[in-house]
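Labels below follow one simple rule: chain letters A, B, ... track the order of the sequence lines, proteins then strands, and each chain is numbered from 1.
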Protein chains: 2
Amino acid sequence: MKQPHSHPPLSSASPASIDRTARLFRAIGDPPRLRLLALLSQGEACVSQLAQAEHESISTISQRLRVLRAENVVVRSRHGKHIHYALADRHIVELIENALAHAAERQ
Amino acid sequence: MKQPHSHPPLSSASPASIDRTARLFRAIGDPPRLRLLALLSQGEACVSQLAQAEHESISTISQRLRVLRAENVVVRSRHGKHIHYALADRHIVELIENALAHAAERQ
DNA sequence: GCTTCATTTTAACAACTGTGCAAATATGAT
DNA sequence: ATCATATTTGCACAGTTGTTAAAATGAAGC
């Protein structure tokens, strides 16, 4: 096997693509937000649950989710009185686990 | 096919891993730095070349490379009077191209 | 339908962090 | 020792984050 998937080369990415990608990385490039994603990788959860799990205020969690949602990393849906947040797609997790493995490689 | 590679699950990542990974994402989560990586994906280059390509001062480029080097995204080596920078490994490019594809997917 | 209440979001502000620029300093080839 | 190349420092500026308080959203009961 050569390449898992064939992507357009980085060198030919448009300025807009570079920008969007940078914003995506930036959104997930923060320990508190990454922790939220780790929680969500186990299944969707509402804001209060996440707040409780992180020992943070609901407001703080809501703002972190806002940043993630702005880059389409997570999606939300109402369930009765609660709003459930979930990972936008499985690829996000793969992306992070990939980076996790590489970050580990270099200590 | 199920999984391209099998990684340890995100949910079981240690705080230290989360931190390192966040720092990695943060380092590449900036358009100017991402552009440098795009240039380097075509082959190594010295600081002056990168500065010229980006229409920036050598000092500015040097600082951007410093951030990338701190997270082991790039490596440097001296070649005569010049210091060549190169991507630390091919995986970085894959990681970015992956993100690029996903960022494109969601507009 | 209107009110009430739980849940979440937003706004405003202060504290912190990162970035680029200019100038000074370091590095090492010749 | 000199010079080209690169790094570092100090500073000003812009952007981000958390906190508190106020506002919005919508479900459920009356």
Looking at the side chain of B/V67, which of C/dT19, D/dA21, D/dT8 is the nearest nucleotide?
C/dT19
Among C/dT7, D/dT19, D/dG10, the nucleotide that comes nearest once only the side chain of B/Q63 is considered
D/dG10
Considering only nitrogen or oxygen atoms on both sides, find all protein atoms under 3.5 Å from nucleotides 28-30 of chain D and state each distance.
none

Base, sugar-phosphate, or nothing for B/S59, non-hydrogen atoms under 4.0 angstrom?
base
Please state how far atom NE2 in A/H82 lies from atom P in D/dT25, giving the value in whole angstrom units.
19 Å
Regarding A/R26, tell me which of base, sugar-phosphate or nothing describes its non-hydrogen contacts under 4.0 Å with the strands shown.
sugar-phosphate
Closest to the side chain of B/V47, out of C/dG28, D/dA6, C/dT9, is D/dA6
Against the side chain of A/T60, the closest entry in D/dT8, C/dT9, D/dT19 is D/dT19
Any donor-acceptor pair under 3.5 Å between the side chain of A/S48 and the base of C/dT8?
no
Choosing from D/dA27, D/dT7, D/dT17, which nucleotide comes nearest the side chain of A/R78?
D/dA27
A/P32, nearest nucleotide to its side chain (from C/dT10, D/dT7, D/dG18):
D/dG18
What nucleic acid atoms does B/I83 come within less than 4.0 Å of, heavy atoms only: base, sugar-phosphate, or nothing?
sugar-phosphate
Go through DNA chain D and write down every stem, that is, every run of at least three consecutive Watson-Crick or G-U wobble pairs with distances under 3.5 Å, as range with range.
C:1-30 with D:1-30
